[in-house]
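In what follows, a structure is listed as structure tokens, so that the remarks can point back to it.
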Amino acid sequence: MAATKHTFPPFYIVCGGDSYLNEEAVRDMRRQASAARPDAETVELDASTADRYAFDEAVSPSLLSPVSIVTVTNMQNADEQLGDSMVAYCKQAVADPGQASIVIAQHEGGPKGKRLLDELTRAGARVDKPADLKNPKARVQFVTSQFEQRHRRIEPAAAQQLVAVLGERTGELAAMCEQLCFDFDDDPIGLDRVNQYLTANPQVTGFTVADTAMAGNTTQAIIAMRSAVQQGTDPIALIGALALKLRTIAKASAVRAGTISVAEAKTNPWVMRNTMRQLTGWTSAGLSACIQQLAWADEQSKTNGGDPVYALEQAIQLIARKGRPVA
């Protein structure tokens, strides 16, 4: 039986931009492709490890379905043979889209893999370039758009405060916008409401402390921690945020070493990629030392007469040094 004609482009590339928006665009394209071809099998390939044979098999008819929806991540890492196979398939699919599997390729942007990107574009691939959100103004606009999508408004000062606190963590910004809309009926959401929420949300404060420590900014991290505790944040919440960051570092290290796969890490891909960039300087011994220090801080927070703030300071200092002892 002939395959049903569909209008979804057979070869789609999401290139560059903010890593969270890049991931979101890929997920959105995958949902649209699944709606256009509900009979299709779904296949995921990582161009860092997949070869041309894996790609050719993925886009070919199988026993389960005559067509597939194939997601190819890290397109910039494709070797020459895989790239040639992708270009050849793109030309074929564009010529006869109704009979073709759908390929959604993800490129992180930058010069690496640009030749392949250009060849696929010339072959007829459709390219989407998400916003990069590299400056505060763009991030404020992103926050405003998150509220507009929910038919809500936020005051400019409130949007700026969210950006100031959450910085470049676009995924957390999006989640915070959604949570504010869910928790409060104010329209627009004002600065007082945002400050109230940020102060009352230990997870937000905890991740701010953790990110600052991970960046090696010891003094700022300790100041943020003390301020959070003075405002009523339970030290155990800060310890939890630091522990989560360390676990993510451990998973990223294991993925890089080949001990586990990205799928086995069960971590959001954009979080994993960002964490991969933070691995420089970390060792197994340093990570172990930090985990032990946090365990002691956890014990101090649960023991009568313990000093959790002092223990947190020691843990933050050690994390900022990536677990290395004082020289």
Side-chain angles (χ1 to χ4, degrees), residues 18-20 22-23 44 46-50 73-74 77 106 108 166-175 201-218 220-222 224-225 228 233-302 308-327:
D18 178 85
S19 58
Y20 172 80
N22 187 296
E23 293 286 347
E44 295 189 18
D46 185 340
S48 302
T49 55
T73 58
N74 296 310
N77 295 333
Q106 182 181 41
E108 69 177 11
L166 294 174
E168 298 180 357
R169 302 192 295 277
T170 311
E172 292 177 37
L173 261 181
N201 192 323
Q203 186 181 53
V204 174
T205 306
F207 283 132
T208 300
V209 173
D211 284 344
T212 308
M214 286 290 182
N217 299 323
T218 309
Q220 292 92 324
I222 290 176
M225 180 272 293
T233 300
D234 193 326
I236 197 68
L238 303 178
I239 292 169
L242 288 165
L244 179 59
K245 288 289 183 181
L246 290 179
R247 286 196 296 271
T248 308
I249 287 283
K251 289 179 180 180
S253 180
V255 168
R256 175 172 287 183
T259 307
I260 62 173
S261 67
V262 174
E264 290 171 331
K266 296 181 179 179
T267 301
N268 185 296
W270 68 271
V271 172
M272 178 59 69
R273 279 208 303 272
N274 288 340
T275 305
M276 285 286 190
R277 300 187 186 104
Q278 298 176 333
L279 285 180
T280 303
W282 281 100
T283 64
S284 297
L287 192 57
S288 177
C290 289
I291 291 172
Q292 291 177 25
Q293 189 73 30
L294 268 186
W296 177 66
D298 183 70
E299 181 182 332
Q300 288 292 300
S301 70
K302 296 175 181 176
V309 174
Y310 172 77
L312 262 172
E313 286 185 5
Q314 297 300 305
I316 288 170
Q317 290 175 13
L318 190 61
I319 289 169
R321 298 196 306 269
K322 302 185 187 297
R324 294 186 295 268
V326 178

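The model shown is predicted, which means the values in this text are computed figures rather than measured ones.
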Audit row: Met276, Val255, side chain to side chain contact (heavy atoms under 4.5 Å, CB included) steps and yes/no: CA-CA 9 Å; Met276 285 286 190; Val255 168; 3.4 Å; yes

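- In this structure, the side chain to side chain contact (heavy atoms under 4.5 Å, CB included) partners of Ala215, at least two apart in sequence or on a different chain, are Asn217.
- Remark: Asn74 pairs with Asp46, Gln76 by the side-chain hydrogen bond (donor to acceptor under 3.5 Å, both in side chains) rule, at least two apart or across chains.
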Considering only distance and modelled atom types, tabulate donor-acceptor pairs under 3.5 Å from the side chains of residues 280-294, sequence neighbours left out.
| unit_1 | atom_1 | unit_2 | atom_2 | d |
| --- | --- | --- | --- | --- |
| Thr283 | OG1 | Gly286 | N | 3.0 |
| Ser288 | OG | Gln292 | NE2 | 3.2 |

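- Checking each of Leu246, Thr275, Leu242 against Met214 for a side chain to side chain contact (heavy atoms under 4.5 Å, CB included) leaves exactly one that passes, namely Leu246.
- Judged as a salt bridge (Lys or Arg N to Asp or Glu O under 4.0 Å), the pairs with a partner in residues 281-302 (not counting sequence neighbours) are, in order, Asp298-Lys302.
- Applying the side chain to side chain contact (heavy atoms under 4.5 Å, CB included) criterion to Ala221, with sequence neighbours excluded, gives Thr212, Ala213, Ile316.
- Every side chain to side chain contact (heavy atoms under 4.5 Å, CB included) that Ala311 has, sequence neighbours left out, goes to Trp296, Ala297, Gln300.
- Sorted by first then second residue, the side chain to side chain donor-acceptor pair (under 3.5 Å) pairs that include residues 237-258, not counting sequence neighbours, are Asp211-Lys245.
- When all heavy atoms of Ala241 and Ala210 are compared, the pair lying nearest together is O-CB, 4.1 Å.
- Contacts of Glu313 classified as side chain to side chain contact (heavy atoms under 4.5 Å, CB included), with partners at least two apart in sequence or in another chain: Ile222, Met225, Arg226, Val309.
- Counting only residues at least two apart or in different chains, salt bridge (Lys or Arg N to Asp or Glu O under 4.0 Å) contacts with residues 281-295 are absent.
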